[in-house]
Amino acid sequence: MKALFRYINVVLQALLGKELDAKIKHYFLTGAYKSVVMQGSIALLTFFTALFIARVTGDTGFGVYTTVFTWISIISVGATLGLDDLVLKQLPIYHNKKQGTKIKGILSWANGLGLVVGVFSALCLLLLAEFSDIEMLHQYVDYFYWAVWVIPLFVLMHINQAALRGLHLFGWGQFAEKFVQPFSFFIILMLFYATQNYKLTDEHAIIARTFSFLITAIVALWLLFKFTTTYREEKASYDSHHWWGSCRYFALTSLLYIVNTRIDILFLSWYQVSEAEIGYYNAAVKLSDMALIPFAVLYTVTAPMFSTLYANNRMEELQNFFTKTTRLACLVISAILLCLVLGGEWFLMLFGENFREGYPILLILCITKFVHVFVGPVNYLLMMVNLEREATWILLLSVLFTIVLHLILIPSYGIEGAGYATLIGLLLFEFLVSWLAYKKAGIVPTVLGRFFIRKNKSSK
């Protein structure tokens, strides 16, 4: 086994090339190994959990579960206010400058604000579901009485996990979200299944997920206390004006991003597409998301390094780091996407015989994922190099364009129309953020970035 890991390390070192500094390569590979092992195993568990829910609750039950947690996901990201991205950006800077007072200040400020906004958002959603005439909320009100409490728990978990990653504790900075939450969710689901005469409803699945987030938020908070003991005696120093100025753009960017990726489900519900078809659509989404595990590793590990290299004005190294890591992720993901294209119908039938109806959607989503990883984590790069404001406006434009496409395509083409709208909207977004990264930061995105730079230099 050790020989295998050494061989893999040699291959990865070669793929990253000689241009990268040895310390940067060691930083990336160390974080990447931990992330791949953790996120790969947990992604499989998450996939099989979704598979189990779909098979036991049926396509309609899975559609209800999907719709409810689409609402919860969007509200949760909005309630986080970009505080997770803020601490991820600022903590590496404060840590390198040994500004312990600022570290304590930003952690207490972010957690306090996040808790208040999270609880307020949960209560607002619950009141809307109970008393408003919004049919696609009101029809799920009984489920929301349990599900809304995921919102403040999600906020605290994301802030504290991002804080640990910002302090370069990558393994522990993913432990609660990537390990504790899926495992506790699976265990609670099995307990419900065993105690309910081997039956499971969509409501049981929602309650189980809510309790799993309670456990996860507690673990994330405990880990933060455990690894920040050196700062407890520090007197907190606050730079609230600067923090709020940054996080409001992070907040809008994060909210727009989740809306851009999940608004398809909401529009399908709004147009009263059957819950069974929504279930087929979500099964295709779950499968295509499996391919993005290396990309999740990429932005988890690289975002703090983007911030550090930019803060130290090491732009050539930043370009090298972005291009090499993007190529590595794209190579792996392309192989996974090819497997999904060739065996997609079989994989979908694992959810149930009827789920093969989602295969055309899976093909569209695979193209979408390929475009995303070919360009690379440009959006995260922009947020780490003080271009979050410009990135937010681009994302807003992309979301509005995607909404218009959903309004045009879903009534005529149903779930396939939602897939095409997502793909076309993403193409616009990736083109604009790539242009912004090149014009404002001098970074050439995509896997071809270094190729174009060498070409330009040789032509001078």
Side-chain angles (χ1 to χ4, degrees), residues 19-21 23-25 27-28 31 81-97 99 102 106 162-163 165-168 170 239 241-257 295-327 329 372-398 429-450 452-453 456:
E19 296 97 334
L20 282 182
D21 180 84
K23 289 183 179 179
I24 295 178
K25 282 197 282 191
Y27 162 89
F28 174 73
L81 293 178
L83 294 168
D84 51 345
D85 290 322
L86 175 70
V87 298
L88 188 61
K89 176 186 177 183
Q90 294 298 135
L91 283 180
I93 297 171
Y94 296 153
H95 182 69
N96 287 340
K97 294 181 178 179
Q99 295 178 323
K102 288 283 185 68
I106 196 171
R165 295 197 302 274
L167 294 171
H168 295 173
F170 296 107
D239 191 5
H241 180 74
H242 171 69
W243 295 339
W244 180 248
S246 293
C247 81
R248 64 185 178 184
Y249 290 107
F250 287 138
L252 187 55
T253 300
S254 298
L255 179 59
L256 289 172
Y257 185 77
F295 194 77
V297 171
L298 180 63
Y299 72 71
T300 298
V301 177
T302 57
M305 183 56 73
F306 290 158
S307 177
T308 301
L309 291 174
Y310 181 77
N312 293 319
N313 199 32
R314 295 161 65 182
M315 299 305 293
E316 181 69 17
E317 290 176 87
L318 178 56
Q319 174 71 72
N320 274 321
F321 186 59
F322 182 92
T323 304
K324 294 290 186 179
T325 53
T326 299
R327 284 178 183 171
H372 192 43
V373 299
F374 182 85
V375 174
V378 188
N379 192 45
Y380 290 93
L381 170 70
L382 294 175
M383 290 192 293
M384 295 298 118
V385 299
N386 297 327
L387 290 171
E388 58 268 21
R389 181 177 179 178
E390 292 85 348
T392 301
W393 288 113
I394 288 176
L395 188 53
L396 176 59
L397 176 63
S398 172
F429 172 73
E430 298 292 1
F431 171 77
L432 292 176
V433 292
S434 297
W435 176 83
L436 178 63
Y438 177 68
K439 295 296 288 186
K440 295 289 187 179
I443 301 297
V444 181
T446 79
V447 299
L448 305 175
R450 292 298 304 158
F452 283 123
I453 282 185
N456 290 340

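Rounding to the nearest 0.5 Å gives a distance of 11.0 Å between CZ of Arg165 and CG of Leu91. Note that the CG atom of Leu81 and the CH2 atom of Trp244 stand 5.0 Å from one another [nearest 0.5 Å]. Here CG of Leu436 is found 11.5 Å from CZ of Phe431. Values are rounded to the nearest 0.5 Å. To the nearest 0.5 Å, atoms CD1 (Ile443) and CZ (Phe322) are separated by 8.5 Å. For the atom pair Leu432 CG and Trp393 CH2, the distance stands at 14.5 Å (nearest 0.5 Å). Of the inter-residue distances, the one linking Ser434 atom OG with Phe429 atom CZ reads 9.0 Å to the nearest 0.5 angstrom.
Remark: side-chain polar atoms of Thr323 are not paired, donor with acceptor, to backbone N or O of Asn320 under 3.5 angstrom.
Closest of all the heavy-atom pairs between Trp243 and Ile106 is CH2-N, 3.3 Å. Residues Gln319 and Val444 come closest through the heavy atom pair OE1-N, 2.7 Å. What you find for Ala437 and Val378 is that their closest heavy atoms are CB-CG1, 3.8 Å. Looking at every heavy atom in both residues, Asn379 comes nearest to Ala391 through OD1-CB, 3.9 Å.
The side-chain contact (heavy atoms from CB on, under 4.5 Å) check on Leu387 picks up Leu382, Val385, Glu390, Lys440, Ala441, with sequence neighbours excluded. Glu430 meets the side-chain contact (heavy atoms from CB on, under 4.5 Å) test with Val371, His372, Val375, Leu426, Val433; sequence neighbours excluded.
Residues Ile93 and Lys97 have side chains in contact (heavy-atom distance under 4.5 Å, counting atoms from C-beta outward).
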Is there a side-chain contact (heavy atoms from CB on, under 4.5 Å) between Leu448 and Phe374 once you walk through the steps? CA-CA 9 Å; Leu448 305 175; Phe374 182 85; 4.0 Å; yes

